[in-house]
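Report on the following structure.
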Amino acid sequence: NANYNAAPQVTQDIPIGKGSQTISFGGAPAIVVGGTGTVSATATSGLTVTFSSITSSVCTISGSTVTGVSVGTCTIAANQGGDASYNAATQVTQNITVGVAHTTTTLNSATNPSIAGQRVTLTASVTGVSPTGIVAFNDGASPLTGCGAVPLSNGQARCTTEGLTVGSHTLTAAYSGDTNNGGSASQPLTQVVNTGVSATTLNSSANPALLGQVVTFTATVTAPLPSGTVAFTDGGVLLMGCGSVPLSGTQATCVATSLSAGLHGVAAIYSGDALNATSTSAPLLPEMVFRTLPANSGIPRVSAGGDHTCG
């Protein structure tokens with residue numbers, strides 16, 4: 001100013017250190033075994049945060065995507081190493097619960113509709129993360145015999161049954177789940193069981209026969225384990241004593257002792273049972289009953305007091 005000359009410039013050095021920073025996680029994702037979720041975290045410096053898994057047996061991470069490996073607590077670490085302006089941030093962690101994997105169970109029948117008594121194979125297929133455990137096969141609310149706890153093998157369980165009765169059955173398969181997989185049940189499968197097809201044949205012990213001769217008619221029923229009765233008819237009229245003859249194995253017999261002379265249209269009618277449908281034999285070639293044998297019958301005729309050499 002008017003009294004002083006300008007002073008020489010002087011300087012002072014002031015050291016400026018790196019800034020500090022902190023990291024904050026966003027909300028934890030919901031993850032199941034085999035599933036994925038995304039984590040997020042920010043640093044106050046605005047620098048990029050990197051992630052790593054501290055519990056690799058429970059979860060892995062790539063970028064910000066976490067994959068569940070097994071049920072448990074997954075711990076993810078977040079780090080920011082700093083730069084020329086910021087020191088490294090203190091590592092922070094976030095715990096994420098990894099739940100059991102979602103599964104689906106489907107049920108199929110190898111034979112639908114089936115016939116009563118027929119062997120039916122049911123297959124339950126379970127999707128999940130290498131699922132193990134058991135499958136219960138049910139008919140309505142009741143377990144199928146021998147199929148209440150079938151072990152899974154390569155994601156499938158099979159039940160073979162022969163005990164389904166005639167009608168419609170609502171079948172389901174229920175998977176138990178395991179350490180890493182949740183349980184699940186199939187949609188209902190309607191299994192239709194029809195009566196078995198039967199066939200009846202008829203034979204006569206003597207045709208032609210003489211008046212008064214005892215004739216045995218044998219009906220044979222072809223069906224899966226048939227039971228029930230056979231009715232023997234002559235022209236649509238029940239033969240005496242043969243209206244309801246129980247099957248013995250696959251056969252029923254009728255002993256006729258009073259067939260009149262003439263032609264008889266004999267047939268056998270199988271009643272059917274819980275497993276098998278009814279069936280009727282083809283009419284037997286007319287049963288011929290003669291008062292005396294005709295000359296061309298091929299059967300030797302012997303007059304009273306006479307004899308005949310056989311052979």
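Treat the numbers as computed from the prediction; the structure is a model and nothing was measured.
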### Task
Spell out, as yes or no, whether a donor-acceptor pair under 3.5 Å connects the side chain of Thr233 to the backbone of Gly235.
no
### Query
Hey, is CG on Leu225 packed in by over 12 heavy atoms from elsewhere, all under 6.0 Å?
no
### Task
Take Thr253 and Thr216 through the side chain to side chain contact (heavy atoms under 4.5 Å, CB included) test and state the conclusion after the steps.
CA-CA 7 Å; Thr253 58; Thr216 300; 4.2 Å; yes
### Message
Do Cys74 and Val58 make a side-chain contact, defined as non-hydrogen atoms from C-beta onward lying under 4.5 Å apart?
### Response
yes
### Query
Hey, is the main chain of Gly182 close enough, under 3.5 Å, to the side chain of Thr103 for a donor-acceptor pair?
yes
### Message
Within the 4.5 Å heavy-atom criterion, are Thr90 and Thr22 side-chain neighbours or not?
### Response
no
### Message
Could you tell me if Thr104 and Thr127 have a donor-acceptor pair between their side chains, going purely by distance under 3.5 Å?
### Response
yes
### Message
To check you understand the geometry: which heavy-atom pair defines the closest contact between Ser109 and Val120, and what is its length?
### Response
OG-CG1, 3.6 Å
### Task
Determine whether Val150 and Phe137 make a side-chain contact, defined as any pair of heavy atoms from C-beta on separated by less than 4.5 Å.
yes
### Message
Just so I know, are the side chains of Thr179 and Val33 near enough to count as touching, which here means a heavy-atom distance under 4.5 Å?
### Response
no
### Task
Flag yes if Val32 and Val69 sit in one hydrophobic cluster, no otherwise; membership is Ile, Leu, Val, Met, Phe, Trp, Tyr, and two members link when side-chain heavy atoms are under 4.5 Å apart.
no
#### Entry: Pair Gln21-Gln80, side-chain donor/acceptor within less than 3.5 Å
yes
### Query
If you group Ile, Leu, Val, Met, Phe, Trp and Tyr by side-chain heavy-atom gaps below 4.5 Å, do Val129 and Leu152 land in one group?
no
### Task
Indicate the atoms forming the closest heavy-atom contact of Ala209 with Val215, along with that distance.
CB-CG2, 3.7 Å
### Ser279 versus Ser198, side-chain donor and acceptor atoms under 3.5 Å
yes
#### Entry: Approximate separation, where rounding is to 0.5 Å, of Leu122 CG and Cys159 SG
5.0 Å
#### Entry: Minimum side-chain heavy-atom gap Val39-Ile61 below 4.5 Å
yes
## Note on the structure
CG (Asn181) and OG (Ser176) are apart, to the nearest 0.5 Å, by 9.5 Å
### Derivation and outcome, side-chain hydrogen bond (donor to acceptor under 3.5 Å, both in side chains), residues Thr42 and Ser24
CA-CA 5 Å; Thr42 57; Ser24 299; 5.3 Å; no
### Task
Please test Lys18 against Ser85 for side chain to side chain contact (heavy atoms under 4.5 Å, CB included), starting from the C-alpha separation and ending with a verdict.
CA-CA 5 Å; Lys18 290 184 178 182; Ser85 301; 5.9 Å; no
### Task
Determine the minimum heavy-atom distance between Ala268 and Ala219, stating which atoms define it.
CB-CB, 3.7 Å
#### Entry: Beyond-backbone contact of Pro226 with Thr250, side-chain heavy atoms, under 4.5 angstrom
yes
### Query
In Å, rounded to the nearest 0.5 Å, how long is the span from NE2 of His264 to CG of Asp234?
5.5 Å
### Query
Just how far is it from atom CZ of Arg158 to atom OG of Ser153, taken to the nearest 0.5 Å?
8.0 Å
### Query
Within the side chain of Ser70, is there an N or O that forms a donor-acceptor pair under 3.5 Å with the backbone of Ser57?
yes
### Message
For the residue pair Gln251 / Thr218, report whether a side-chain donor-acceptor contact shorter than 3.5 Å exists.
### Response
no
#### Entry: Single-linkage hydrophobic cluster, 4.5 Å side-chain cutoff, Val193 and Leu107 together
yes
## Note on the structure
When every non-hydrogen atom of Ala256 is compared with those of Phe217, the smallest separation belongs to CB-CE1, 3.9 Å
### Query
Under 3.5 Å, is there a donor-acceptor pair between the Thr132 and Asp178 side chains?
yes
### Task
Flag the pair Ser168 / Gln191 as yes when at least one side-chain heavy-atom distance between them is below 4.5 Å, and no otherwise.
no
### Query
Could you state the interatomic distance from CZ (Phe51) to OG (Ser40), rounded to the nearest 0.5 Å?
6.5 Å
#### Entry: Test item: Ser271 side-chain N/O and Thr229 main-chain N/O as donor-acceptor pair under 3.5 Å
yes
### Task
Evaluate side chain to side chain contact (heavy atoms under 4.5 Å, CB included) for Thr106 paired with Ser186, printing each intermediate quantity in order.
CA-CA 5 Å; Thr106 56; Ser186 71; 5.6 Å; no
### Query
So do the side chains of Ser53 and Thr55 get within less than 4.5 Å of each other, counting heavy atoms only?
yes
### Query
Going through the distances and angles, do Leu239 and Cys254 end up as a side chain to side chain contact (heavy atoms under 4.5 Å, CB included)?
CA-CA 8 Å; Leu239 283 170; Cys254 168; 4.0 Å; yes
### Ser184 and Thr105: side chain donor to acceptor below 3.5 Å
yes
### Query
How long is the span from the CG atom in Leu171 to the CD atom in Gln187, to the nearest 0.5 Å?
13.5 Å
## Note on the structure
Heavy-atom nearest pair, Pro246 first then Ser244, reads CD-O, 3.5 Å
### Query
Are Leu164 and Val135 joined in one hydrophobic group, where the rule is that I, L, V, M, F, W and Y side chains link up if heavy atoms are under 4.5 Å apart?
yes
### Query
So, Asp273 side chain and Asn276 main chain: donor-acceptor pair closer than 3.5 Å or not?
yes
#### Entry: For the student: nearest non-hydrogen atoms of Phe232 and Ala252, plus distance
CZ-O, 3.5 Å
### Message
Please tell me whether Leu247 and Ile269 are part of a single hydrophobic cluster in this structure, the criterion being side-chain heavy atoms less than 4.5 Å apart.
### Response
no
Give the table of side-chain donor-acceptor pairs shorter than 3.5 Å for residues 91-102, with sequence neighbours excluded, one pair per line with atom names and distance.
unit_1 : atom_1 : unit_2 : atom_2 : d
Gln91  : NE2    : Asn79  : OD1    : 3.2
Gln94  : NE2    : Gly26  : O      : 2.6
Asn95  : OD1    : Thr75  : OG1    : 2.8

